[in-house]
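Here the structure comes first, spelled out in structure tokens, and everything after it is commentary.
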Amino acid sequence: MFALIDCNNFYVSCERVFDPKLQGQPVVVLSNNDGCVIARSAEAKALGIPMGIPFFKVKDLISQHQIQVFSSNYALYGDMSQRVMQTLATLCPDLEVYSIDEAFLDFSGFQAQPLQQGQLIRQTVGQWTGIPVSIGIAATKVLAKVANKLAKQNGGVFVLSPSKVQAVLMTLPVEEVWGISSRWGQRLRALNISTAAELQATNLNLMRQQFNIVLERIVRELRGESCLPLESIVNPQQSLVVSRSFGQPITTLPELKQAVATYVSRAAEKLRSRQLTTSYLTVFVRTNRFQENYEAPNASQGLLTPTNHTGKLLEIALRCTESLYQPGRAYKKAGVLFQGLGSAQSIQQSLFEESDSEKGAALMVTMDRLNRRYGRQSLHYGATGTRQPWAMRSDQRSPQYTTRWQDLPEVHARAREI
DNA sequence: TCTGGGGTCCTAGGACCC
DNA sequence: TCTGGGGTCCTAGGACCC
């Protein structure tokens, strides 16, 4: 038996913890670059703000209803996520952190009173972190996802017992099943499968032939046959991406190189903080994907010796960038992808290339330490530039209440005269 | 004018090996 | 001129997720 814990409107809820005036108010949180709406309070949903809509398309609606708007603040959301997950771990040891705002729990131990257990978890997380959660409980992960939807409409906790499954699936559009997107939904509808119940009843071999083993597993899970185990052991990471859209398009090579250098620096920092190295690097650039002549070229290079040294990675990435750049293009986005990740502790040395010198490694340690202490980018490579006019927009970011001393909330108390 | 970012898994096809 | 069968590894591309 599985439970899926899902934080309600997570990013909005994080903002509300530190600004209680936002309770009951319509609130939205924007994506990076203030591009799209990616979180909405219940009040904002009720006013008709769709998920994922470009901000500029709802600007009028937002000012008309005085909806509060926040740029995304991942330092805050990441830290709040950790607090929620730590709380869950104290209540149920078998835990899979599935995303920033979701976790699966193995509920086999609580089979006798799953509803009461769910309510206890919900109450404790609320009390310890201030984040409201919904909990769906069922025999498989896919069914727990369904149960979670119902929990949001029914007091926060819902147990989907086998006797209720059929009736619930009959009312559920096939695209709302976990793992079925609108694309697959269209193909399924063409086969006369439009509800979750019809998908559950379909032929397994047909699904495997027409789609793949992923869909076959989803059908089995809908039938109550568990195919997706709890993955409590974190798999080693396989790839790492840092990419951003630009606040304004880039047309010159020096600026493009600055942007790529900035993303490489950030990605190398992430590698080091996770004790990883990379052995394969890809740089990609993109023009505006909403215009004609959209282009998205990339250039890759393997490394003889895996590394996480910013300087070495910069050298390769900047060469790749030069090979990609075409004068006359307006670039809207760039990024760097590291693959072939491995442990920084056990580096396979190359016969033909010198490995990171001790000096180089010490430099990285020092740089990371200074930047942790004095703030990101306090010490950085010159290649990343200083002005960065292309930097992403983030006009309405809240303070880093929990991860930055200067941003710690202050509480003022005054004795009231009686 | 403006339209996000970071991941995983699966499959097909090519290169290469014995 | 004729020219097998079976396997692994790697990569690119397509699909999905939050």
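Bear in mind that the values here come from a model prediction, so they are computed numbers and not experimental data. Letters go in sequence order (proteins before strands), and every chain restarts at 1.
Each of Glu231(A), Glu96(A), Glu221(A) was checked for a side chain to side chain donor-acceptor pair (under 3.5 Å) with Lys141(A), and the lone residue meeting it is Glu96(A). Exactly one of Glu315(A), Arg272(A), Glu269(A) qualifies for a side chain to side chain donor-acceptor pair (under 3.5 Å) with Thr310(A). That residue is Arg272(A).
Computed from coordinates, the Phe246(A) CZ to dG4(B) C1' distance equals 14 Å when rounded to whole Å. Between the C1' atom of dA15(C) and the CH2 atom of Trp178(A) lies a distance of 15 Å, rounded to the nearest Å. Regarding Ile53(A), its CD1 atom lies at a distance of 16 Å from the P atom of dC2(B), rounded to whole Å. Atom OH in Tyr77(A) sits about 17 Å away from atom P in dG4(B), given to the nearest Å. Note: NZ (Lys141(A)) to P (dC18(C)) measures 12 Å, nearest angstrom. Between Ile38(A) atom CD1 and dG5(B) atom P there is a gap of 10 Å when expressed in whole angstrom units. When rounded to the nearest whole Å, the span between NZ of Lys57(A) and P of dG4(B) equals 11 Å. Distance, Phe55(A) CZ to dT1(B) P: 17 Å, rounded to whole Å.
Taking every heavy atom of both residues into account, Val264(A) and Ala317(A) meet most closely at CG2-CB, 3.5 Å. Closest non-hydrogen pair, Val174(A) versus Gly185(A), comes out as CG1-CA, 4.3 Å.
Using a 4.0 Å heavy-atom criterion, one finds that Asp34(A) contacts no nucleic acid atom at all. Residue contacts shown for Tyr98(A) are limited to sugar-phosphate atoms, with no base heavy atom under 4.0 Å away. In this structure, Ile180(A) reaches the sugar-phosphate backbone alone: every heavy-atom distance under 4.0 Å involves primed, P, OP1 or OP2 atoms, never a base. Residue contacts for Lys333(A): at a heavy-atom cut-off of 4.0 Å it reaches the sugar-phosphate backbone alone, with no base atom in range.
In the set dC18(C), dT3(B), dG4(B), dT3(B) carries the atom at the smallest distance from any side-chain atom of Pro54(A).
The 12-atom threshold is not exceeded at CD of Gln66(A), counting heavy atoms of other residues, nucleotides or ligands nearer than 6.0 Å.
For Arg187(A), no side-chain nitrogen or oxygen approaches OP1 or OP2 of dA15(C) to under 4.0 Å. Of the side-chain N and O atoms in Ser243(A), one or more sit less than 4.0 angstrom from OP1 or OP2 of dG6(B). Note on Lys145(A): a side-chain N or O is less than 4.0 Å away from OP1 or OP2 of dC18(C). Checking the phosphate oxygens (OP1, OP2) of dG14(C), no side-chain nitrogen or oxygen of Arg183(A) falls inside 4.0 Å.
Considering only heavy atoms from C-beta on, Val165(A) comes within 4.5 Å of Leu160(A) through its side chain.
In this structure, the aromatic ring of Phe290(A) is positioned over the six-membered ring of the base of dT3(B), centres within 5.5 Å and planes within 30°.
Both the sub-6.0 Å distance and the 45° axial angle are satisfied by Lys164(A) relative to the ring of Phe158(A).
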Residues 204-214 of chain A side chain polar contacts: donor-acceptor under 3.5 Å, at least two apart:
| residue | atom | partner | partner atom | Å |
| --- | --- | --- | --- | --- |
| Arg208(A) | NH1 | Glu216(A) | OE1 | 3.3 |
| Asn212(A) | OD1 | Val214(A) | N | 3.0 |
| Asn212(A) | OD1 | Leu215(A) | N | 3.3 |

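Nucleotides dC16(B) and dG4(C), compared at atom C1', are 16 Å apart to the nearest Å.
Here dC18(B) sits opposite dG5(C) as a Watson-Crick or G-U wobble pair (both hydrogen-bonding atom distances under 3.5 Å).
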- Query: Just by protein heavy atoms under 4.0 Å, how would nucleotides 7-12 of chain B read 5' to 3' in B, S and -?
  - Reply: SSSSS-

